Number of protein chains: 2
Amino acid sequence: MDFSNDLIRGSVVPIVLSLLKDKPMYGYEMVKVVNARTGGKLEWKEGTLYPALHRLAGTGLISAKWVAAPKGEAPGRKRKYYSITRKGLRELARRTEEWAQFSLAVDTMLSLG
Amino acid sequence: MDFSNDLIRGSVVPIVLSLLKDKPMYGYEMVKVVNARTGGKLEWKEGTLYPALHRLAGTGLISAKWVAAPKGEAPGRKRKYYSITRKGLRELARRTEEWAQFSLAVDTMLSLG
DNA sequence: CTTGACACCTAGGCTGCCTATGTATACAAT
DNA sequence: ATTGTATACATAGGCAGCCTAGGTGTCAAG
């Protein structure tokens with residue numbers, strides 16, 4: 001099952017914030033993790049994620065730091081690690097609650113609740 | 001809590017199809033019913049619904065029929081009643097399953113599952 | 001006779017997801 | 001040597017749906 005873009009929309013930001021709540025991550029890593037953790041159901045595209053990360057950094061919900069990859073792993077490559085800010089944590093709480101209420105409302109209307 | 005447009009997006013079509021599965025309805029009525037059934041959480045706008053109905057009719061998922069309102073209720077007014085088609089019923093099944101899987105995937109990523 | 005509820009409609013703007021493409025490095029395969 | 005694949009970042013342009021704001025017209029109530 002391939003999810004329509006219209007469903008995807010709006011789910012990227014809360015998921016990014018949720019990922020970063022646990023530990024700093026870089027974009028490419030997030031793509032892989034999301035694809036893996038959902039068994040390929042959610043298939044993030046780089047062209048979606050990178051601009052989203054820039055928006056989040058622009059509004060101060062996350063912050064970025066360039067880090068060289070460890071020698072044994074991917075020598076010579078630069079990774080842009082993102083961390084969630086305090087403001088981002090508050091936004092995560094808001095978005096998580098919003099999602100919970102929204103999905104409940106939709107379930108109700110689809111007689112799934 | 002006001003849901004962001006990005007979440008709303010994609011939920012309109014399955015909900016319309018689900019409503020029409022039970023009985024034919026007219027647009028204005030759908031707005032009221034959705035607002036009521038979700039306790040005001042989902043607040044549909046006419047400017048959203050009407051174009052959506054036209055799209056659904058255009059792709060043959062629903063069909064329309066003009067009906068005069070009953071004399072005792074709203075005399076003189078015309079209502080455009082929509083019914084779901086057989087094609088629409090199949091699409092409803094698809095969309096419902098899609099939503100179920102999608103919301104599960106998001107719950108997983110937000111540690112709500 | 002004005003207000004509000006009913007009932008429909010559309011144009012234009014905004015915004016975010018997608019496709020496609022590009023840069024650059026490292027390593028394996030041919 | 002060269003090609004391909006994985007890593008890791010980035011952007012431009014297209015597309016599509018939701019929203020705002022405005023419009024039409026009927027009728028009942030104040």
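So that the names make sense, note that chain A is the first sequence line, chain B the second, and so on, each numbered from 1. Since the model is a prediction, treat every value here as computed from it, not as a measurement.
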Residues B:Leu17 and B:Ile84: closest non-hydrogen pair is O-CD1, 3.6 Å

Check the hydrophobic clustering (I, L, V, M, F, W, Y; side-chain heavy atoms under 4.5 Å; chains of links allowed) and say if A:Val106 and B:Leu104 are grouped together. no

Nearest whole angstrom, please: distance from the P of D:dC18 to the CG of B:Leu49. 10 Å

What is the distance, rounded to the nearest whole Å, between atom CH2 of B:Trp66 and atom C1' of C:dA7? 8 Å

Can you pull out every side-chain hydrogen bond (donor to acceptor under 3.5 Å, both in side chains) where at least one residue sits in residues 41-65 of chain B? Sequence neighbours excluded, please. none

Please state how far atom CG in A:Leu7 lies from atom C1' in D:dA16, giving the value in whole angstrom units. 14 Å

Which residue pairs pass the side-chain hydrogen bond (donor to acceptor under 3.5 Å, both in side chains) test when at least one of the two sits in residues 27-36 of chain B, sequence neighbours left out? none

Provide, to the nearest angstrom, the distance between the CZ atom belonging to B:Arg79 and the C1' atom belonging to C:dC9. 18 Å

N/O (side chain, A:His54) to phosphate O (OP1/OP2, D:dC9) under 4.0 Å: no

Let me know the distance between CG of A:Leu53 and C1' of D:dA8, rounded to the nearest Å. 12 Å

For nucleotides 17-24 of chain C, 5' to 3', base contacts (B), sugar-phosphate-only contacts (S) and non-contacts (-) with protein non-hydrogen atoms under 4.0 Å give SBB-----

Distance test, side-chain N/O of B:Tyr28 to OP1/OP2 of C:dC6, below 4.0 Å: yes

Any B:Tyr50 side-chain nitrogen or oxygen under 4.0 Å from OP1 or OP2 of C:dC8: yes

Examine C:dC6: is either OP1 or OP2 under 4.0 Å from a nitrogen or oxygen in the side chain of B:Lys78? Give yes or no. no

Which residues share a side chain to side chain contact (heavy atoms under 4.5 Å, CB included) with A:Leu112, sequence neighbours left out: A:Asp107, A:Leu110, B:Thr96, B:Trp99

So salt bridge (charged side-chain N to carboxylate O under 4.0 Å, His left out) across residues 5-20 of chain B, not counting sequence neighbours, yields A:Asp6-B:Arg9, A:Arg9-B:Asp6

For B:Ala64, what residues pass the side chain to side chain contact (heavy atoms under 4.5 Å, CB included) criterion, not counting sequence neighbours? B:Lys80, B:Tyr82

Residue pairs involving residues 84-106 of chain B (criterion salt bridge (charged side-chain N to carboxylate O under 4.0 Å, His left out); sequence neighbours excluded): B:Glu91-B:Arg94, B:Glu91-B:Arg95, B:Arg94-B:Glu98

Which residues in residues 95-113 of chain A have a heavy atom closer than 4.0 Å to any atom of DNA chain D? none

Atom pairs and distances, side-chain donor-acceptor, residues 18-26 of chain A, under 3.5 Å, sequence neighbours left out:
{"from": "A:Ser18", "atom 1": "OG", "to": "B:Met109", "atom 2": "O", "distance (Å)": "3.2"}
{"from": "A:Tyr26", "atom 1": "OH", "to": "A:Arg79", "atom 2": "NE", "distance (Å)": "3.3"}
{"from": "A:Tyr26", "atom 1": "OH", "to": "A:Arg79", "atom 2": "NH2", "distance (Å)": "3.3"}

